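Counting from 1, the numbers follow the sequence of the chain as shown. Every value quoted in this text rests on a predicted model; they were computed, and no experiment measured them.
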Amino acid sequence: MATASPARIVPVLLALATLCAAAEAEAAAKVPAMYVFGDSTADVGSNNYLPGSAVPRANFPHNGVDFPTSRPTGRFSNGYNGIDFLALNMGFKRSPPPFLSVANRTNRQIARGLLGANFASAGSGILDTTGDSIVAMSKQVEQFATLRCNISACIGKEAADTVLSRSLFLISTGGNDIFAFFSANSTPTAAQKQMFTANLVSQYKSHVKALFGLGARKLAVIDVPPIGCCPYPRSLHPLGACIDVLNELTRGLNKGVKDAMHGLSVSLGGLKYSIGSSHAVVQSIMKHPQRLGFKEVTTACCGSGKFNGKSGCTPNATLCDNRHEYLFWDLLHPTHATSKLAAAAIYNGSLHFAAPVNFRQLAEDQC
């Protein structure tokens, strides 16, 4: 299959961002609900509800400086994250709320989970051994099982099955597993890398199968970006370059998940999927920053130390003024501007950014 040239990718990305921005204001929701699973790339405040000082949090300034009302929400961003923009592109007024906050909502549909819920927890991974004091992926699936029972009790099992089969189940995870592996062994052998990746993919398949057993039929997967080029890894490199082993592990995981999802779509009758490539989007920005409206693609907007990558975005951290021109918000996460562009490409883009169909096509599939 032919791959679009870089010269064509840049104008396509810009056009998609414009089209999706216009569509956000007028579209009706294309799916009944969105159910979100994953890590800090998808967390919209779940960790705010967890106890303990070890919990990864972003519910303090400067996070949220560009969010409506300029308040920190628990998102690792200056504003929205990719999940927020995907929800808007899907026609929802806002991103689904954290599952852990749903019990406090007064809107009955939200409380029942009929409009979706976000189970993602910053610091979690594909493996339950990744992260401390967080909601592990298997626990996130268990929380959805609880919500599914509530939905069935409210509208009946048959109606619940129909709603869930048409809803979008979004997964964004894997980066934290790779960082944990790298932290334990920064120079793994080829055999160790292969074994690690195979284990990750196997566990990923288990999570997808569990969700399928609970009624999920439309899986929207977001792959892992080139995390070796984030400000934090760069700050560890003596020359400030990307850390190759992290990027190699990322490519291996992304390929493994791609192959696994294809296999599951064959073996699990009725399963449909799309893999949105944040990896391809970030690579495009790094290769053609100015043409896509960015000026800084190595240093974080908010942080401290080399590349602002030595610590997270705290109230005392250095904060840039031109946030919309930065690829990275903090040591590991994208800015509001980056997330907006990525969501547009994944939602409505070509096979370079989402395959075998894009997220819009997956949502609109009525078969």
Side-chain angles (χ1 to χ4, degrees), residues 23-24 27-38 41-44 46 81-103 105 107-121 135 137 140-173 204 207-222 261 264-265 268-276 343 346-348 354 356-367:
E24 287 170 10
K30 295 184 179 298
V31 292
M34 281 178 59
Y35 298 98
V36 182
F37 306 83
T41 59
D43 191 343
V44 294
S46 297
N81 64 19
I83 303 304
D84 295 307
F85 284 115
L86 285 170
L88 292 172
N89 289 334
M90 289 285 171
F92 293 98
K93 293 181 179 179
R94 60 187 62 85
S95 190
F99 168 76
L100 296 176
S101 74
V102 165
R105 297 299 178 105
N107 183 302
R108 294 183 65 190
Q109 276 195 312
I110 292 178
R112 292 173 180 172
L114 289 173
L115 297 180
N118 189 312
F119 304 88
S121 176
V135 184
M137 179 62 81
Q140 294 179 33
V141 176
E142 288 177 16
Q143 289 177 339
F144 171 72
T146 299
L147 188 63
R148 184 188 187 283
C149 289
N150 293 343
I151 294 172
S152 296
C154 288
I155 64 175
K157 183 181 183 304
E158 185 175 345
D161 289 344
T162 299
V163 167
L164 295 178
S165 69
R166 295 174 180 171
S167 296
L168 197 74
F169 288 73
L170 195 151
I171 303 174
S172 180
T173 189
Y204 204 108
H207 296 315
V208 172
K209 287 179 181 178
L211 289 172
F212 182 85
L214 292 168
R217 294 298 180 268
K218 293 185 177 185
L219 271 293
V221 172
I222 297 178
M261 291 303 299
L264 289 172
S265 71
L268 300 177
L271 177 66
K272 299 173 182 179
Y273 75 97
S274 171
I275 298 179
I346 289 169
Y347 176 74
N348 211 30
V357 296
N358 59 39
F359 280 22
R360 177 185 59 80
Q361 293 166 325
L362 177 65
E364 292 177 346
D365 190 335
Q366 299 298 318
C367 298

With distance as the sole test, does [X] use its side chain to make a donor-acceptor pair with the main-chain N or O of [Y] at under 3.5 Å?
| X | Y | value |
| --- | --- | --- |
| Tyr35 | Gly113 | yes |
| Ser101 | Pro98 | yes |
| Asn81 | Val44 | no |

Practice prompt. Apply side chain to side chain contact (heavy atoms under 4.5 Å, CB included) to the pair Leu114 and Ile155, showing each step before the final yes or no.
Written response: CA-CA 10 Å; Leu114 289 173; Ile155 64 175; 3.9 Å; yes
Item to complete: In sequence, state the C-alpha distance, the side-chain angles, and the governing distance for Phe99 and Val135, and then conclude on side chain to side chain contact (heavy atoms under 4.5 Å, CB included).
Response: CA-CA 11 Å; Phe99 168 76; Val135 184; over 6 Å; no
For [X] against [Y], the heavy-atom pair lying closest together:
| X | Y | answer |
| --- | --- | --- |
| Leu164 | Leu214 | CD1-O, 3.7 Å |
| Leu115 | Phe92 | O-CE2, 4.3 Å |
| Ala87 | Pro96 | CB-CD, 4.3 Å |
| Phe85 | Ala343 | CB-CB, 3.4 Å |

Discussion item. With a 4.5 Å cut-off on side-chain heavy atoms, are Asn89 and Arg360 touching?
Written reply: no
Item to complete: Flag the pair Tyr273 / Val208 as yes when at least one side-chain heavy-atom distance between them is below 4.5 Å, and no otherwise.
Response: no
Once rounded to the nearest 0.5 Å, what's the spacing between atom [atom1] of [X] and atom [atom2] of [Y]?
| X | Y | atom1 | atom2 | result |
| --- | --- | --- | --- | --- |
| Phe144 | Cys149 | CZ | SG | 9.5 Å |
| Ser46 | Gln143 | OG | CD | 7.5 Å |
| Arg94 | Leu88 | CZ | CG | 9.5 Å |
| Thr173 | Ile222 | OG1 | CD1 | 11.0 Å |
| Leu271 | Phe169 | CG | CZ | 11.0 Å |
| Leu168 | Leu86 | CG | CG | 8.5 Å |

Worksheet item: Per the side-chain hydrogen bond (donor to acceptor under 3.5 Å, both in side chains) rule, which among Arg166, Arg217, Lys272 passes with Asp365?
Response: Lys272
Not counting sequence neighbours, which residues clear side chain to side chain contact (heavy atoms under 4.5 Å, CB included) with [X]? List them please.
| X | answer |
| --- | --- |
| Ala363 | Lys30, Val31, Met90 |
| Ser274 | Ala354, Val357, Phe359, Leu362 |
| Ser152 | Arg148, Ala160 |

Discussion item. With side chain to side chain contact (heavy atoms under 4.5 Å, CB included) as the criterion, how do Ile171 and Leu211 come out once you've worked through the C-alpha distance, each side chain's angles and the decisive distance to 0.1 Å?
Written reply: CA-CA 11 Å; Ile171 303 174; Leu211 289 172; 4.0 Å; yes
Discussion item. Evaluate Asn118 against Ile83 for side chain to side chain contact (heavy atoms under 4.5 Å, CB included), listing each step before the verdict.
Written reply: CA-CA 9 Å; Asn118 189 312; Ile83 303 304; 4.1 Å; yes
